[in-house]
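Beneath this line is the structure, given in structure tokens, with notes to follow.
Per chain, numbering begins at 1; letters A, B, ... match sequence-line order. Please read all numbers here as calculations on a predicted model, not as lab measurements.
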Amino acid sequence: MTDDEQEIFDKLSELLQPFNEKQVELKPQTEIAVDLAIDSVSVMDFVMEVEDHFDMDIPLNVLSDTHTMKDLISVVQARKKT
Amino acid sequence: MVDLLDKNKALMERMQRVAQAGSRVGPVNEKLLSPTRAMIDGRDTILAGTNNYMGVTFEASCIEAGQRALAEHGTGTTGSRIANGSYAIHEELERELAGFLGMKHCIVFSTGYQANLGMMAGLAGPKDTIFLDADSHSSIYDGCTLSGAQLVRFRHNDAADLDKRLTRMGDTGGGHLVVLEGIYSMLGDRAPLADFVEVKKKHGFQLLVDEAHSFGVLGPNGCGLADEAGLMHEADFVVGTFSKSIGAIGGFGASNHPLFETVRYSSKPYMFTASPSPASVATATAAVKLLAREPERRDRLQANSARLFHGLRGLGLELGCDEVSPVIAVKCADEPSTLVMWNELLAAGVYVNIALPPGTPGKLCLLRCSVSAAHTEAEIDRIIELFATVVAGKQLTAASAAGA
Ligand SMILES: Cc1ncc(COP(=O)(O)O)c(C=O)c1O
């Protein structure tokens with residue numbers, strides 16, 4: 001991971017903690033919904049925290065192709081640039 | 001090859017857990033006795049979870065209208081209105097509803113769920129953006145997905161959050177649709193419509209209000225939250241269902257927009273499904289007329305809602321919202337205790353809804369009551385009494401156990 005990716009990963013991990021009830025260890029390849037066993041509403045609530053922190057919109061349509069932490073890092077990176 | 005239903009194994013386990021706790025998800029009403037009573041497990045049970053807000057399901061005028069339509073027009077329409085044509089009674093219902101709402105156009109759908117699918121998909125396309133409240137009903141989420149529009153979710157009832165997102169989004173080159181609900185089905189809270197209208201004035205989006213739980217219920221004319229707030233002219237599109245205050249089945253979309261009639265042809269959930277059956281259409285029309293004729297039903301609903309709201313609050317229970325609403329949800333500690341209490345309430349003679357995550361906002365476990373104009377004061381008092389013994393007792397025991 002680049003420094004930028006690591007920074008985003010650390011922030012996402014922090015924002016994900018309140019939803020990570022099972023305290024699953026987070027890695028870039030962690031599948032957020034599946035590995036943490038959290039429901040679709042919780043995933044959307046988590047993404048809202050991400051939107052607020054990075055001051056960006058992540059439309060729900062994007063989420064159907066976003067599964068892993070790494071996917072989400074790419075989404076945040078792409079949307080930070082625009 | 002993978003078995004398609006393998007992924008439902010966890011769901012099966014959850015269903016079995018619920019069954020072991022002694023409950024069926026959705027008990028069987030062996031016989032309906034009235035809008036507010038049914039025989040369940042051989043017991044005369046008060047219904048306090050059926051969204052039968054106006055209590056019209058056994059009204060003589062509605063039943064007669066349904067029976068007449070059944071005899072005169074038959075059991076089903078056997079196709080969509082685009083393919084088979086409309087029945088005069090479909091058009092009569094649309095005229096009746098438009099008149100009730102004081103709006104120019106109304107389109108009837110086969111259910112409220114389809115009304116939301118049909119409205120979102122008929123109004124918005126891939127170039128447009130829909131901003132939806134985080135607590136929106138599933139039919140709104142599904143309609144938004146079907147539309148192919150870009151979907152932005154804003155914080156529940158938070159006009160400032162919507163404002164922020166609209167500002168951040170700027171001009172997208174497409175239309176912007178904001179979707180709210182009159183009364184939210186789980187917690188019973190209303191959208192702060194005046195705040196959203198301020199944001200509308202600033203950004204100029206089009207507004208859709210799903211009045212599923214508020215049509216017939218709120219406002220001086222019973223048109224819903226927009227009517228109550230004196231802001232009917234700001235609702236570009238109104239959605240409603242017949243499955244609650246109207247006591248039938250079906251749904252509608254209404255608008256003053258000069259192009260609104262085109263939605264019939266841009267909406268697959270309208271085009272590619274059978275139109276509502278003659279009996280449903282006729283009972284719905286009769287119920288709309290009844291609600292117009294008997295505004296005192298709204299007063300009775302309001303009085304009953306206030307009685308239950310203050311009664312439950314008086315027991316020290318934590319409710320879903322702070323204002324009197326016909327949806328009154330009691331917050332519970334966790335899933336197992338909610339299941340136990342729900343079963344005990346049913347065994348003691350009152351049916352309420354059990355609502356669990358992910359169907360609830362904020363992972364809440366709820367015992368959800370819906371009040372009817374047809375409840376008697378004695379029935380409301382009995383519901384409070386049973387919550388006092390079954391629920392208030394439990395919550396206190398749990399609290400004192402935690403304190404000990
Ligand atoms: C907010 C909301 N919209 C739409 C619907 C769908 O209505 P129907 O039961 O007619 O499909 C419901 C209820 O089920 C609802 O709560």
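In terms of non-hydrogen atom pairs under 4.5 Å with chain A, the most contact-rich of Pro358(B), Gly359(B), Pro361(B) is Pro358(B). Comparing Gln150(B), Arg155(B), Met169(B), Lys164(B) by how many heavy-atom pairs each has under 4.5 Å with chain A, the most go to Arg155(B).
Residues from residues 37-73 of chain A that place a non-hydrogen atom less than 4.5 Å from a non-hydrogen atom of chain B comprise Asp39(A), Val41(A), Ser42(A), Met44(A), Asp45(A), Met48(A), Glu49(A), Glu51(A), Asp52(A), Asp55(A), Met56(A), Asp57(A), Pro59(A), Leu60(A), Asn61(A), given in numerical order. Of all residues spanning residues 16-29 of chain A, those with a heavy atom less than 4.5 Å away from chain B's heavy atoms are Glu21(A), arranged by number.
In this structure, the side chain to side chain donor-acceptor pair (under 3.5 Å) partners of Lys200(B), at least two apart in sequence or on a different chain, are Glu234(B), Asp236(B). For Lys268(B), there are no side chain to side chain donor-acceptor pair (under 3.5 Å) partners two or more places apart in sequence or in a different chain.
At a 4.5 Å heavy-atom cutoff, the contact between Ala149(B) and chain A is made by backbone atoms alone.
Atom CG of Asp6(B) is surrounded by more than 12 heavy atoms from other residues, nucleotides or ligands within 6.0 Å.
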